[in-house]
Amino acid sequence: APPAIIAPSILSADFANLGHDCAKTMDQGADWLHVDIMDGHFVPNITFGPPVVAKIRSHVANPADTNSPLGRGTFDCHMMIAEPKRWVREFKDAGANLYCFHYEAAFSTAAETPSAQSELKTSPRELVRYIHSLGLQAGVAIKPATPVDVLFELVEAVDEVERPDMVLVMTVEPGFGGQKFMPEQMPKVQALRKRYPELNIEVDGGLGPGTIDVAAEAGANVIVAGSAVFGAKDPSEVIAKLRKAVES
Ligand code: DX5
Ligand code: ZN
């Protein structure tokens, strides 16, 4: 099975001290930073955009500089936005490493430039290919109501550049931190792990010391935790606990 990857969600960090909080959570044992991008359309909340990502990048060493894709310091950008294709280049330039779009949003006609809109109709497969063509790793996320089957076709694409490097099974409705973990999403993780022993499978929402065992047992290896890490008295201890649960 792939290694445990702990990715604190900076949605629960202090937004007035983001650079400091990002560097600190890396020192406390995080592997990646989970960067939640929300546009007020795909989800009923707004976070931040490329300029903020570029600023926090200067506080965390970029694995792209040492040619280690998905290595320590990976910015795992969870794109909760209605036009995922529109923003790939901007986030790449801002220092993103992994661009994880929502399957549900990948059928729009949004293109890189408004004038090219008519020619560039997006599909999930095409979007994975496009993300790879810009030198980023690609992830595909599904909301709780989306069946897991839609991911099978992508992961099994014949052409390697159309295969995602990670899939994300949401364990809350996207939009806010601090919600309750949905154990009923675990059969999706189990089905994915059974089919794909080496795939990076991420879970996001409501993860913490009280819910990690269920997610780890189902087969998740990339663990997002926002409030459980940033709200803890001892974040290092929480990160270590999450890692141990996945590794055991
Ligand atoms: C929710 C975000 C999550 C969120 C998780 O829409 O995608 O990444 O920050 O927060 P917790 O861990 O507090 O549920
Ligand atoms: Zn997220």
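Because the structure is predicted, anything quoted here is derived from the model rather than measured. Just follow the structure's listing: the first ligand is 1, and inside any ligand the first atom is 1.
- Of all atoms in ligand 1, numbered sequentially from 1 with element shown, those under 4.0 Å from a heavy atom of Pro174 are 6 (O).
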Verdict with reasoning, Asn200 to Asp165, per side chain to side chain donor-acceptor pair (under 3.5 Å)
CA-CA 7 Å; Asn200 280 316; Asp165 304 284; over 6 Å; no
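- Considering backbone and side-chain N/O of Asp204, one or more are found under 3.5 Å from N/O of ligand 1.
- Atoms of ligand 1 lying under 4.0 Å from any heavy atom of Ser9, numbered from 1 in the order shown and given with element: 4 (C), 8 (O), 9 (O).
- For a threshold of 3.5 Å applied to N or O pairs, the pair formed by Asp36 and ligand 1 contains at least one separation below that value.
- Which parts of ligand 1 touch His78 is read off a 4.0 Å heavy-atom cut-off, strictly below it: atoms 7 (O).
- Between the side chain of Ser9 and the backbone N or O of Ala225 there is no donor-acceptor pair closer than 3.5 Å.
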Check the pair Arg195 / Glu156 against side chain to side chain contact (heavy atoms under 4.5 Å, CB included), numbers first and verdict last.
CA-CA 10 Å; Arg195 284 176 171 242; Glu156 290 169 22; 2.9 Å; yes
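- Ranking protein heavy atoms by distance to atom 12 (O) of ligand 1, first place goes to Gly226 N, 2.7 Å.
- Among all non-hydrogen protein atoms, the one lying nearest atom 14 (O) of ligand 1 is Gly206 N, 2.8 Å.
- Centred on the Zn ion (ligand 2), the angle running from His78 (ND1) to His34 (NE2) is recorded as 100°, rounding to 10°.
- Checked for salt-bridge contact, Asp159 and Arg125 miss the test: no charged N lies under 4.0 Å from a carboxylate O.
- Within ligand 1, counting atoms from 1 as listed, the ones closer than 4.0 Å to a heavy atom of Gly205 are 14 (O).
- Phe48 and Phe15 have their aromatic ring centers within a separation under 6.0 angstrom.
- Ser123 places a side-chain N or O within 3.5 Å of a backbone atom of Glu126 that can act as its donor or acceptor partner.
- Atoms of ligand 1 lying under 4.0 Å from at least one heavy atom of Gly177, given by number and element, are 10 (O), 13 (O).
- No other N/O/S atom of Asp204 lies as close to the Zn ion (ligand 2) as OD2 does.
- Between Glu90 and Arg86 there is a salt bridge, since a side-chain N of the basic residue sits under 4.0 Å from a carboxylate O of the acidic one.
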Could you go step by step and tell me if Val246 and Ile223 meet the side chain to side chain contact (heavy atoms under 4.5 Å, CB included) rule?
CA-CA 9 Å; Val246 176; Ile223 310 300; 3.6 Å; yes
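- Close contacts of ligand 1 with Ser227, meaning ligand atoms under 4.0 Å from a residue heavy atom, involve 11 (P), 12 (O), 13 (O).
- Residue Val224 has no nitrogen or oxygen atom sitting less than 3.5 Å from a nitrogen or oxygen atom of ligand 1, judged on distance alone.
- Residue-ligand proximity: Ala225 is placed with a non-hydrogen atom under 4.0 Å from ligand 1.
- For Asp36, the N/O/S atom at the shortest distance from the Zn ion (ligand 2) is named OD1.
- In this structure, atom 1 (C) of ligand 1 lies nearest to the protein heavy atom Phe176 O, 3.5 Å.
- Within the listing of ligand 1, atoms 6 (O), 7 (O) sit less than 4.0 angstrom from a heavy atom of Met80.
- For ligand 1, the atoms sitting less than 4.0 Å from at least one non-hydrogen atom of Gly175 are 1 (C), 6 (O), numbered in the order shown with element in parentheses.
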Gln185 vs Met170, side chain to side chain contact (heavy atoms under 4.5 Å, CB included): CA-CA, chis, key distance, verdict:
CA-CA 8 Å; Gln185 297 300 317; Met170 288 304 297; over 6 Å; no
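- No donor-acceptor pair under 3.5 Å is formed between the side chain of Asn221 and the backbone N or O of Ala4.
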Give the C-alpha distance, both sets of side-chain angles, the deciding distance and a yes or no for side chain to side chain contact (heavy atoms under 4.5 Å, CB included) between Asn97 and Asn62.
CA-CA 8 Å; Asn97 306 102; Asn62 191 342; 2.8 Å; yes
